[in-house]
Protein chains: 2
Amino acid sequence: MSPEQPAPGRPRLSIATVCLSGTLDDKLDAAAAAGFDGVEIFAPDLIADPAPPAGIGARCRDLGLTVDLYQPLRDIDSTDPDRFAANLRRAEATFDVMAGLGAGTVLVCSSVAPDAVADPDRLAGQLHTLAGRAEDRGVRIAYEALAWGRHVHTWDASWRAVRAGDHPALGLCLDSFHVLARGSDPAPIADVPGDKLFFLQLADAREVTMDVLSWSRHHRLFPGQGGFDLPALLGPVLAAGYAGPLSLEVFNDVFRQADPLRTAVDARRSLLALAEATADRGAGTDPVAAGPPALGGIAFAELRAGPELGRVLRALGFSRTGVHRTKPVERYEQGGARILVDTAAGGAIGTAAGGSISTAAGGPTDTAGSGSAVVALGIESADPAASARRAGALCAPRMPRSTGPGEADLAEVGAPDGTSLLFCRTGPHGSGWSGDFVATAEPRVPGTGITGIDHVGLTQPYDAFDEAVLFHRTVLGLDPVADGEFAAPFGLVRSRALADAGRTVRLALTVSLLRRGEWGPGVADPQYVALGTDDLLATAAAARAAGVPLLPVPGNYHDDLAARLDLPDERIAVYRELGVLHERDADGDLLQVCTELLGGRLFLVLVQRTGRHDGHGWSDAPVRMAAHRRSRLTRAGAG
Amino acid sequence: MSPEQPAPGRPRLSIATVCLSGTLDDKLDAAAAAGFDGVEIFAPDLIADPAPPAGIGARCRDLGLTVDLYQPLRDIDSTDPDRFAANLRRAEATFDVMAGLGAGTVLVCSSVAPDAVADPDRLAGQLHTLAGRAEDRGVRIAYEALAWGRHVHTWDASWRAVRAGDHPALGLCLDSFHVLARGSDPAPIADVPGDKLFFLQLADAREVTMDVLSWSRHHRLFPGQGGFDLPALLGPVLAAGYAGPLSLEVFNDVFRQADPLRTAVDARRSLLALAEATADRGAGTDPVAAGPPALGGIAFAELRAGPELGRVLRALGFSRTGVHRTKPVERYEQGGARILVDTAAGGAIGTAAGGSISTAAGGPTDTAGSGSAVVALGIESADPAASARRAGALCAPRMPRSTGPGEADLAEVGAPDGTSLLFCRTGPHGSGWSGDFVATAEPRVPGTGITGIDHVGLTQPYDAFDEAVLFHRTVLGLDPVADGEFAAPFGLVRSRALADAGRTVRLALTVSLLRRGEWGPGVADPQYVALGTDDLLATAAAARAAGVPLLPVPGNYHDDLAARLDLPDERIAVYRELGVLHERDADGDLLQVCTELLGGRLFLVLVQRTGRHDGHGWSDAPVRMAAHRRSRLTRAGAG
């Protein structure tokens with residue numbers, strides 16, 4: 001389709017990059033091809049892009065697009081003068097970006113923060129100050145009432161603030177969603193001076209309610225998959241003398257269209273675990289009768305990848321310490337981290353064919369043959385046989401194994417995503433599972449400071465997410481430690497991390513919030529192993545020097561990081577060089593450096609935790625995902 | 001996996017059929033294979049099953065499953081004595097079903113109806129009466145408080161009603177969702193006598209809120225796709241003197257992962273149509289400048305299907321009245337219904353390759369080559385050239401056409417699902433598009449009473465639903481006339497019907513609420529043409545006598561229908577014979593008879609409307625979908 005020429009009097013048509021899927025390039029190309037005149041650029045899209053703002057601005061001009069708005073600047077006003085001063089510094093960094101882009105207007109949305117200013121005069125004063133700074137930089141402030149703003153949440157309240165703020169660089173942004181979702185009357189907008197209407201954002205919406213009825217009909221889960229304290233209900237019911245069945249009635253949009261046999265197994269597991277948990281609190285009979293033994297960490301991760309994996313591990317400071325007696329599997333070690341590498345298809349010490357939880361048509365996602373994958377995880381158990389009994393009692397499918405003479409007979413079960421779990425107890429070299437490996441005579445490679453496996457990240461098949469959470473929660477006895485949701489370049493992602501009490505075993509599970517279609521990331525269901533270090537910068541520098549392909553992180557990310565965390569320039573310079581991602585919360589910091597994808601969907605992450613940070617890098621995941629895609633496309637283009 | 005033997009003291013484990021995907025057979029097989037002891041049978045699953053209740057009961061016993069509950073009986077109490085008497089008769093029909101199933105307990109949920117009884121004594125009295133009827137039939141009533149019940153919506157209120165009802169066949173059903181979602185304290189349940197706890201249903205749930213923030217971040221739509229009156233906002237903004245761009249800011253989970261070029265075209269169309277609608281109300285400039293000409297019906301439906309289609313049409317009373325001059329397309333007619341049949345691949349008068357709205361990779365769903373499809377619809381327009389201009393102004397992709405010498409040059413555009421729309425004006429035979437057909441010398445087949453095309457049902461590709469609604473709404477000038485959502489055997493389906501003011505053109509669009517995965521219906525994206533008649537029973541009887549393969553409808557459906565609508569036995573007997581589906585609402589009745597699938601994903605429907613019924617058969621769609629699947633599997637088994 002050829003874009004129409006703007007006719008005289010025709011309104012300019014613009015679109016926010018948030019409306020479109022993909023990375024910023026995809027979005028700009030699509031907006032231009034569809035004939036839009038301009039775009040709003042959403043800050044996270046810019047931050048994940050490798051081009052500096054001026055480069056992005058030039059790209060827009062080349063495409064015939066104006067940058068009509070940069071957005072958003074959030075939570076700008078503050079009852080705390082120091083915080084307001086810091087917010088003004090943050091605004092200056094935003095004005096820098098806008099200068100590069102050639103954007104004349106920035107969206108400032110009403111604050112949702114606890115320190116938002118309630119007093120109208122004070123708010124107007126702060127907006128006036130901000131507008132003055134903007135005017136100095138030649139840009140304008142478009143102030144918008146978020147429907148859920150703390151004090152300003154209607155369009156007329158935002159208009160009162162703008163009028164009182166009384167500055168030529170201060171005007172109103174109206175968003176039809178915020179106006180109409182609150183049921184406000186739009187008619188009086190006609191009385192606002194036109195030159196104070198800086199920007200208009202348009203959106204429609206279906207009436208969507210999430211009253212208890214909708215919640216009940218669409219979003220029920222099996223016991224243990226959600227947040228209800230069900231033993232607190234079942235206990236009194238059993239105490240009352242109820243003798244009927246425990247029956248599940250779960251209306252769930254996903255289960256309604258998933259393989260019913262898988263769902264039924266998942267369902268039964270949930271009831272067994274519920275009855276167990278209720279018996280633990282003194283009511284009823286425990287049908288599992290095999291409590292979870294204490295875990296002691298991830299004994300090993302067994303990976304399938306191309307020949308580059310062994311090379312990368314050596315460059316990371318791993319030594320090849322053993323070769324399996326009968327299978328084409330090699331053992332690499334550094335500190336407490338053990339990686340088993342399958343060197344031939346079908347040669348896993350875990351079953352090669354992936355787990356099959358059911359005999360139904362379709363079956364689970366097959367991880368075999370997809371190039372690279374986490375094939376199996378060794379789970380360090382205080383009592384591996386008891387762990388295996390528990391898994392069996394909870395309907396975990398036992399995987400068929402071939403065990404050579406004299407080899408350790410590891411109990412192996414299949415998780416819902418096809419990854420095998422092997423229960424083991426690692427002793428000195430030469431005992432237990434480790435005894436199945438013949439020690440190599442190779443000299444030890446100098447380490448880079450890696451101390452162990454911090455966690456494993458497993459993207460779940462769409463239908464298997466809640467099932468997987470319940471599986472690991474019950475079979476391994478892990479607890480959910482974090483839930484999240486983030487906007488990845490190709491759609492929303494839900495995440496849930498599980499860990500044992502001692503944080504020795506951590507699994508980070510993610511899934512698309514909606515099943516993806518043809519337009520989607522090139523790498524389906526990525527997986528990673530996160531290797532812990534106490535000095536990430538040293539470890540990453542050594543790895544980089546040894547030729548480990550580290551993932552480049554866009555400069556815009558580090559510019560934003562510097563503005564947010566107030567880090568010294570020298571540190572940011574190192575971050576830029578090594579591609580460090582840095583998250584901070586009240587508990588501490590998480591630093592990460594990722595490798596490029598290693599043959600398909602697998603990558604490694606170097607990670608350092610400080611304080612009691614309990615996260616898994618989800619805030620930075622969209623940046624990492626965009627970087628992996630860019631890197632993959634670049635390499636494909638180069639090859 | 002082998003089911004475990006129930007150990008002494010182990011609770012019986014049961015699952016409601018609503019938890020599982022598929023038809024009743026799929027669900028029972030899965031529950032048994034996973035080792036459940038029993039099931040709750042949900043009435044709609046039974047109604048869509050061809051076996052009588054006794055046959056279903058026997059199937060459960062063969063699988064080692066008990067039928068622990070039949071559910072639900074809704075809205076049983078009433079302030080209107082006649083209504084209560086009718087409800088008791090409905091209950092007797094349910095007891096009949098239970099006798100067949102061998103189910104001892106039925107779930108009665110608290111009423112949500114306007115005539116629900118508020119007075120506790122009166123409610124207790126009606127429950128006592130109901131329990132007496134149940135006792136006479138040897139079954140029990142388990143009364144449950146729905147969290148959204150009109151007067152009874154907490155478990156303690158339901159317990160007060162049961163206690164006051166004071167009947168040995170009356171007890172409590174507790175559902176953990178209803179108890180915990182309302183934040184009730186479950187501890188006092190321990191004081192309820194155990195023999196009054198008839199049933200326990202268990203479900204967990206994530207905290208799900210649909211406050212305005214979640215609504216905003218996930219469910220925004222482009223203007224014209226939702227329910228907001230956006231011209232009422234844009235008008236005052238333009239009146240105020242706003243001169244900036246019209247900019248879209250739409251956070252939408254589906255758009256986030258759909259092809260961005262398609263989304264961008266859809267987005268631009270929405271702004272053009274919004275500006276047009278606002279200009280129609282007197283504000284701003286109309287960028288479309290080509291209002292929709294009046295429509296006059298569906299001139300023809302062009303279908304691709306196997307050789308059986310022509311045979312079925314003749315048996316339905318259609319005459320083959322013409323053969324296209326240059327293309328392998330035949331014209332069949334009866335009354336005002338015209339069906340064009342493509343007799344060879346690639347021979348459509350509409351483009352054979354399906355519409356391609358974009359040049360992006362992936363592109364639209366390709367309907368070519370999928371066996372059978374609605375290839376094109378002729379749209380009767382008062383001014384076909386103006387319709388085509390409007391379509392172009394609204395970014396509808398023009399389809400390339402080959403037109404032979406002297407043939408009508410029909411403007412053809414591609415709808416988002418790949419169906420072509422051809423704007424035409426049907427004159428006497430030999431003029432306009434009809435002139436492209438050479439009349440056959442075949443004698444006219446006696447008609448069966450078909451008068452025209454009532455509507456066309458088009459299942460949309462998952463990503464294209466909101467886009468398709470906007471396309472037909474704007475390009476054709478149709479209005480949304482009905483929205484719905486129903487639980488189909490393989491997942492939830494959303495539906496939206498569009499029509500012109502005179503109801504001459506009706507399109508019924510449907511889509512899965514979630515994108516389907518590997519476990520899904522064998523027929524993806526079914527389509528149908530509904531043919532109107534003023535006497536459905538006569539038309540269907542004639543069609544049946546002539547050998548049209550009519551879709552059998554389960555006896556359970558007609559039993560339920562008889563109990564609901566109080567129809568005479570003779571009429572129900574005819575319904576059973578012909579497979580009639582019958583919906584009633586306040587405006588009138590809709591009767592339907594469907595054919596079997598004709599070569600892939602296409603079928604025909606005979607439909608009669610009485611009164612001002614404006615529906616499209618969605619209440620009965622799950623029964624129809626289960627019947628089509630069963631019929632298809634049976635034929636596959638027989639072939």
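Chain A is the first sequence line, chain B the second, and so forth, proteins listed ahead of strands; every chain is numbered from 1.
Both the backbone and the side chain of Phe177(A) come within contact range of chain B, each with at least one heavy atom under 4.5 Å from a heavy atom of that chain. For Asp175(A), the part lying near chain B is the side chain, with the backbone staying farther off; criterion is any non-hydrogen pair under 4.5 Å. Interface remark: Leu234(A) contributes side-chain atoms only to the contact with chain B (heavy atom separation under 4.5 Å). Of the atoms belonging to Val254(B), heavy atoms from both backbone and side chain fall under 4.5 Å from chain A. Interface remark: Pro188(A) contributes no atoms to any contact with chain B (heavy atom separation under 4.5 Å). Contacts of Asp68(B) with chain A are made by side-chain atoms alone, with heavy-atom separations under 4.5 Å and no backbone atom involved. Heavy atoms closer than 4.5 Å to chain B are found nowhere in Leu69(A), neither backbone nor side chain. Using a 4.5 Å cut-off between heavy atoms, Leu246(A) contacts chain B through both its backbone and its side chain.
The distance from the NE2 atom of His218(A) to the CG atom of Leu514(B) is 10.0 Å, given to the nearest 0.5 Å. Remark: Ser512(B) OG to Arg515(A) CZ distance equals 10.0 Å, nearest 0.5 Å. With values rounded to the nearest 0.5 angstrom, Thr263(A) atom OG1 is found 10.5 Å from Lys27(B) atom NZ. For the atom pair SG (Cys19(A)) and CZ (Phe222(B)), the distance works out to 5.0 Å, reported to the nearest 0.5 Å. Interatomic distance, Arg220(A) CZ to Leu202(B) CG, rounded to the nearest 0.5 Å: 10.0 Å. Taking OG from Ser176(A) and CG from Leu233(B), the interatomic distance works out to 6.0 Å, rounded to the nearest 0.5 Å.
Counting all heavy atoms, side chain and backbone alike, Glu249(B) lies closest to Val18(A) at CG-CG2, 3.8 Å. Residues Ala258(A) and Ser21(B) share a closest heavy-atom pair of O-CB, 3.1 Å. The two residues Ala34(B) and Val265(A) make their nearest non-hydrogen contact at CB-N, 3.7 Å. When all heavy atoms of Trp148(B) and Ser216(A) are compared, the pair lying nearest together is CH2-OG, 3.3 Å. Listed here is the closest heavy atom pair of Ala264(B) and Ala30(A): CB-O, 3.5 Å.
Of the residues considered (Ser270(B), Ala275(B), Pro245(B), Pro193(B)), Pro245(B) shows the highest number of contacts with chain A, using heavy-atom pairs under 4.5 Å. For the set Tyr242(B), Phe198(B), Phe199(B), the entry with the most heavy-atom pairs within less than 4.5 Å of chain A is Tyr242(B). With chain A as the partner, the residue from Leu180(B), Asp185(B), Leu513(B), Val192(B) showing the most heavy-atom pairs under 4.5 Å is Leu180(B). Ranked by heavy-atom pairs under 4.5 Å with chain A, the first of Ala31(B), Ala181(B), Ala147(B), Ser184(B) is Ala181(B). When each of Asp286(B), Thr17(B), Asp466(B) is checked for heavy-atom pairs under 4.5 Å with chain A, Asp466(B) comes out on top. Of the residues considered (Gln225(A), Glu40(A), Arg12(A), Gln257(A)), Gln257(A) shows the highest number of contacts with chain B, using heavy-atom pairs under 4.5 Å. Counting heavy-atom pairs closer than 4.5 Å to chain B, the top residue among Val237(A), Asp229(A), Asp26(A) is Val237(A). Ranked by non-hydrogen atom pairs under 4.5 Å with chain A, the options Gly38(B), Gly517(B), Ala488(B), Ala283(B) are led by Gly517(B). Per-residue heavy-atom pair counts under 4.5 Å with chain B were compared for Ala16(A), Ala243(A), Ala190(A), and the maximum is reached by Ala190(A). Looking only at heavy-atom pairs under 4.5 Å with chain B, the residue among Ile189(A), Val39(A), Thr66(A), Leu238(A) that has the most is Ile189(A). Ranking Gly491(A), Pro186(A), Gly241(A), Pro489(A) against chain B, the residue ahead of the rest is Pro186(A), based on heavy-atom pairs under 4.5 Å. In terms of heavy-atom pairs under 4.5 angstrom with chain B, the leader among Val112(A), Asp253(A), Leu146(A) is Asp253(A).
Of the possible polar contacts, none joining the Asp204(A) side chain to the Pro223(B) backbone as a donor-acceptor pair under 3.5 Å is found. In this structure, Arg256(A) contributes its side chain and Leu492(B) its backbone to no donor-acceptor pair below 3.5 Å.
No hydrogens or angles considered: nothing links the side chains of Gln201(B) and Ser247(A) as a donor-acceptor pair under 3.5 Å.
Inter-residue side-chain proximity for Leu272(B) and Leu13(A) is flagged as met; some heavy-atom pair is nearer than 4.5 Å.
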